[in-house]
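Following: one structure in structure tokens, then a few remarks.
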Number of protein chains: 2
Amino acid sequence: MMSTKSDIPSQTHIPPQTLCLPQELVASTAFLLARVGISMKVRVMDEMESAGFAGYQYGVLALLGEGATETQARIADVLGLDRSQLVGELDDLEERGLIERRRDPNDRRRHMVTLTTDGKRQLVKLRAIVKRIEDSFLEPLGEDERKQLHDVLLRVACSHDGRYKRAV
Amino acid sequence: MMSTKSDIPSQTHIPPQTLCLPQELVASTAFLLARVGISMKVRVMDEMESAGFAGYQYGVLALLGEGATETQARIADVLGLDRSQLVGELDDLEERGLIERRRDPNDRRRHMVTLTTDGKRQLVKLRAIVKRIEDSFLEPLGEDERKQLHDVLLRVACSHDGRYKRAV
DNA sequence: TATTGTTATACTCTATAACTATA
DNA sequence: TATAGTTATAGAGTATAACAATA
């Protein structure tokens, strides 16, 4: 499963320099941001899958957990997913009784999506998973460093994506 | 090209709340890190492609730009790419005269890869692209905030990936 | 037998297009 | 005609497996 990617290189007549990234990349904040962000996401996705949840289902539950009843189109737009992609995720969540889809009587094209009690329970579980992974990643940082990191990231995010607006 | 994803939602009898992400996600440093990191990567990839470079070619050039002659296996391992994936990228770079592959006379299985003069020139160009994108993203941050961000990310990266070691 | 580079194949995501039912 | 949800299809990207040359 892990192939040979993380083997200690046993090269011989190349100086036994440790496997190490080019300074140019390590010096780049963009590079670090992408690397750390992606590996965090991968880890979250993996553990979500182990917990029986696929892809972006946590995002959906988290959004619905805020209370509002949402349309599928809105869920997709807010989360930046494709509407067609969302269908499958919702099908699964619905079958498992974590969400409910009801037709909007005022516009029968629309599905109003809400979280069930069971869905809320699962959300708590998934939230804990994310929190645990986040803590493990940010372990080398002190409390105020974490706060500062979050603050800085939020400002950067806001300046490039209008969907963060309210949180500023 | 942009589909309808960024349309202002014209929903009517749903309160005209602006499209906005769940607070739970916005409050999560892991989420922000992944979001910002990925959108930065996407932007870099896009602009690289516009400049005629595909995928991870910048990484390869940057690595070779540090001076050392590297084996294909080492390039792949350092950059975290699949060895088979690397072949195509190198083929392209070689055809365009930006790198050179020579058989290692001491071990004829190996290809020693080096950067050509032209490759160095292109590297300078790509470096500028990344720098420009990074600056645009980090624009809301002051000088010392950027430094602090880089420092914090580096520490996090180091604690989860041995390939950063030297840079600590 | 193990390893390097290579080629071929399969699989997962995501993006696109087409279809229905409603408006 | 346009939109919401759905289904089907295609493409990109990645991972896996098999292979030839060399050690």
Side-chain angles (χ1 to χ4, degrees), chain A residues 1-14 38-39 41-42 45-46 48-49 54-57 59-60 69-95 99-113, chain B residues 1-14 38-39 41-42 45-46 48-49 54-57 59-60 69-95 99-113:
Chain A
M1 184 186 253
M2 255 288 148
S3 79
T4 54
K5 197 166 285 180
S6 55
D7 288 353
I8 306 300
S10 49
Q11 258 79 3
T12 48
H13 59 288
I14 287 176
I38 289 170
S39 61
K41 174 174 179 177
V42 167
M45 291 301 213
D46 283 353
M48 287 292 172
E49 197 181 351
Y56 297 95
Q57 295 184 340
V60 174
T69 299
E70 299 281 0
T71 277
Q72 290 191 198
R74 270 189 65 85
I75 297 175
D77 289 348
V78 170
L79 262 31
L81 305 177
D82 204 290
R83 294 177 188 195
S84 60
Q85 199 184 349
L86 184 62
V87 177
E89 316 259 19
L90 291 184
D91 287 347
D92 182 52
L93 290 173
E94 192 178 29
E95 276 168 32
I99 63 158
E100 253 180 26
R101 279 197 267 216
R102 287 176 292 108
R103 285 265 168 218
D104 180 347
N106 298 112
D107 182 343
R108 293 189 35 74
R109 291 173 303 182
R110 290 179 170 166
H111 275 154
M112 308 302 284
V113 187
Chain B
M1 183 188 251
M2 254 289 146
S3 80
T4 54
K5 197 164 284 179
S6 56
D7 288 355
I8 305 298
S10 49
Q11 258 79 5
T12 49
H13 58 286
I14 287 176
I38 289 169
S39 61
K41 174 176 178 175
V42 167
M45 290 302 212
D46 284 352
M48 287 292 173
E49 198 181 349
Y56 297 94
Q57 295 184 341
V60 174
T69 298
E70 299 281 0
T71 277
Q72 289 191 201
R74 269 188 66 85
I75 296 175
D77 290 348
V78 170
L79 261 30
L81 304 178
D82 204 290
R83 295 178 187 195
S84 59
Q85 199 183 349
L86 184 62
V87 176
E89 315 260 19
L90 291 184
D91 287 347
D92 182 51
L93 291 173
E94 192 178 30
E95 275 167 33
I99 63 158
E100 253 180 26
R101 279 197 268 216
R102 288 176 291 108
R103 284 267 168 214
D104 180 348
N106 297 112
D107 182 345
R108 292 189 36 75
R109 290 173 303 181
R110 290 179 171 166
H111 274 154
M112 308 302 285
V113 187

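Hydrogens, waters and symmetry mates play no part in the numbers below; they use all other heavy atoms, side chains included. To find a chain, count down the sequence lines: A is the first, B the second, and so on, and within it residues start at 1.
- For C:dG5, neither phosphate oxygen OP1 nor OP2 lies less than 4.0 angstrom from any side-chain nitrogen or oxygen of B:Arg74.
- Summarising the geometry, the separation between CG on B:Leu81 and P on C:dG5 is reported as 13 Å, rounded to the nearest angstrom.
- At whole-Å resolution of the value, CG in A:Leu79 and P in C:dC13 are 17 Å apart.
- In this structure, the salt bridge (Lys or Arg N to Asp or Glu O under 4.0 Å) partners of A:Arg101, at least two apart in sequence or on a different chain, are A:Asp91, A:Glu94.
- Between A:Leu86 atom CG and C:dA15 atom P the separation is 14 Å, expressed in whole Å.
- The CZ-C1' distance, from B:Arg83 to D:dG13, rounds to 20 Å in whole Å.
- No option in A:Arg74, A:Gln72, A:Glu100, A:Arg102 other than A:Gln72 meets the side-chain contact (heavy atoms from CB on, under 4.5 Å) test with A:Val113.
- By the 6.0 Å contact criterion, CZ on B:Arg103 is enclosed, its count of non-hydrogen atoms from other residues, nucleotides or ligands being greater than 12.
- For the atom pair CD of A:Glu89 and CG of A:Leu79, the computed distance is 9.5 Å after rounding to the nearest 0.5 Å.
- We find that CD of A:Glu49 is positioned 13 Å from C1' of C:dC11, with the value rounded to whole Å.
- As a whole-Å value, the separation of A:Glu89 CD from C:dT14 C1' is 12 Å.
- A salt bridge does not link A:Arg109 to A:Asp104: none of the charged nitrogens lies less than 4.0 Å from a carboxylate oxygen.
- The side chain of B:Arg110 approaches C:dG5 more closely than any other nucleotide in the set C:dT14, C:dG5, D:dT6.
- Taking atom CG of residue B:Asp91 and atom P of nucleotide C:dA8, one finds them 12 Å apart after rounding to whole Å.
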Distances under 3.5 Å only, N/O to N/O: pair up the protein atoms with those of nucleotides 10-12 of chain D.
none

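- Between the CG atom of B:Asn106 and the CE atom of B:Met112 there is a distance of 8.5 Å, given to the nearest 0.5 Å.
- As a whole-Å value, the separation of B:Leu90 CG from C:dT4 P is 15 Å.
- Residue B:Gln85 has no polar side-chain atom (N or O) positioned under 4.0 Å from OP1 or OP2 of C:dT6.
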Where protein sits on nucleotides 17-23 of chain D, one letter per nucleotide: B base, S sugar-phosphate only, - none, heavy atoms under 4.0 Å:
----BBS
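- Overall, the helix from C:dT1-D:dA23 to C:dA23-D:dT1 carries an axis bend of 10° between its ends, with five pairs at each end and the value rounded to 10°.
- Scored by the salt bridge (Lys or Arg N to Asp or Glu O under 4.0 Å) test, B:Asp92 finds B:Arg96 as partners (sequence neighbours excluded).
- Residues A:Gly55 and A:Met45 share a closest heavy-atom pair of O-SD, 3.4 Å.
- Within the model, atoms CD of A:Glu49 and CD of A:Gln57 stand 10.5 Å from one another, a figure rounded to the nearest 0.5 Å.
- Within the model, atoms CD1 of B:Ile75 and CD1 of B:Ile99 stand 7.0 Å from one another, a figure rounded to the nearest 0.5 Å.
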